[in-house]
Amino acid sequence: MAEPLIPSETLTSFHNFITSSNCKTILALLGAGLSSASGLPTFRGSGGYWRHYNSIDLATPDAFERDPGLVWQFYSYRRHMALAAKPNAGHQALAQLSHNDKINFLTITQNVDGLSQRANHNSQKLIELHGSLFCLKCTNFTCSYRDPANFNDPLTESLDASSLVHDKDNLEDLPFLSDDKLPHCPLCETGLLRPGVVWFGESLSWVNVDKTDEFMMRNHVDLMLVIGTSGLVWPAASYIDIVKNQGGKVAVFNIEKDDTDTESWQFIGDCSKTLPMALKPLIDQVNLSSEL
Ligand code: BJW
């Protein structure tokens, strides 16, 4: 990816704002573009395919109902890739910001890959709005089993993702996996397990939604960082409008320019490169205080 060229006036005006007394509270919304420099695919656009399937079509309760073996192979591949990936400089910049005690800060991530946590993001300031690849839940509605942190890879012998070819031009059929080849609940022993992610049409965790609402109500958000997201999925996208409507400023970090947006700071380019540059003054404050 080409080196991003941030116009110096954009950088200066952004730095002046984030170091001023007008910027006390920052909210960050993360999307798949942040993990793209770590080698993980995005959802939409040309990267949004797993083999010949559109990733969006597999991220639904209907797809799991229809063919849990196919959906489990997709998520096993994603777990395997996420475990092999490393957090990039963008994850690290945000993690450092989360340790700056001078700023009220909250990150809402739509990503389920666990890379922010692995970059040492302050866990009190991180909300996984769409769940986690490493959370497992029982599908039996009378069973409450939930494993919040399961990093086994593979989960069953048949879900060994390292032996499968995953490129999008691969039209070869995947093996059909019957339920007995898929992970089952250790508590009720009958229910099929599913990934603890939020699929389209499903409710988000009220704990996460309440925590976000509380942060936005208790503090006036002075600045929202919109990072590597298409902003198409609700309710995540609605937070951007709420901040704008309340008079907060917005900074967008994306490889694509939005010509219709004349109000926000736009950092065009790979956000693993633009974020460390943009957040440098606030990160330097953390590094200085840890050196004292
Ligand atoms: C780079 C880059 C680089 C690339 N550097 N940039 C109101 C209005 C309209 C619709 C709805 C509504 N309310 C609900 C809906 C329906 C639905 C919805 O939003 N539909 C829209 C599509 C129209 N929403 C829901 O169903 C949600 N549920 C819900 O609202 O329930 C009601 C409720 C609300 C609150 C409380 C209780 C109940 C659930 C949504 C769940 C979304 N799930 C998924 C799958 C998660 C599991 C998994 O990962 O498999 O989440 S779908 C998918 O999209 C995934 C992502 O998190 C999400 C967002 O995608 P993201 O991250 O933006 O990725 P991309 O690929 O779209 O964009 C990448 C961007 O990065 C691009 O812009 C690139 O240019 C950029 N980029 N490389 C910088 N290096």
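We count ligands from 1, going down the list as the structure has it; atoms in each ligand are counted the same way. Model, not experiment: these values are computed from the prediction.
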Looking at NE2 of His121 and OG1 of Thr109, how far apart are the two atoms once the value is rounded to the nearest 0.5 Å?
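So the NE2 of His121 and the OG1 of Thr109 are separated by 8.5 Å.
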Angle class for the Trp265/Phe17 ring planes (parallel below 30°, perpendicular above 60°, tilted otherwise)?
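Trp265 vs Phe17 ring planes: tilted.
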For ligand 1, which atoms have a heavy atom of Gly201 less than 4.0 angstrom away?
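Taking each heavy atom of Gly201 in turn, ligand 1 has 25 (C), 26 (O) under 4.0 Å.
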Who gets closest to [atom] by heavy atom: [options]?
atom	options	value
atom 47 (C) of ligand 1	Asp213, Thr274, Val197	Val197
atom 37 (C) of ligand 1	Phe43, Trp206, Phe74	Trp206
atom 46 (C) of ligand 1	Asn111, Val198, Ile56	Val198

Please indicate whether any nitrogen or oxygen in [X] is less than 3.5 Å from any nitrogen or oxygen in ligand 1.
X	result
Ala32	yes
Ser203	no
Gly31	no
Arg44	yes
Cys271	yes

Less than 6.0 angstrom from the centroid, inside 45 degrees of the normal: does Arg78 satisfy that with respect to the ring of Trp50?
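No, Arg78 does not sit over the ring of Trp50.
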For ligand 1, note which part of [X] has a heavy atom under 4.0 Å away: side chain, backbone, both or neither.
X	answer
Leu232	backbone
Val233	both
Glu202	backbone
Ser230	both
Val112	side chain
Thr229	both

Report yes or no: does [X] contribute a side-chain atom to a donor-acceptor pair with the main-chain N or O of [Y] at less than 3.5 Å?
X	Y	value
Ser98	Asn122	yes
Ser38	Lys86	yes
Asn100	Val286	no

Whether over 12 other heavy atoms sit under 6.0 Å from [X] [atom1]:
X	atom1	result
Phe151	CZ	yes
Lys125	NZ	yes
Lys249	NZ	no

Nearest heavy-atom neighbours spanning Leu29 and Met224:
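That would be CB-CE, 3.6 Å.
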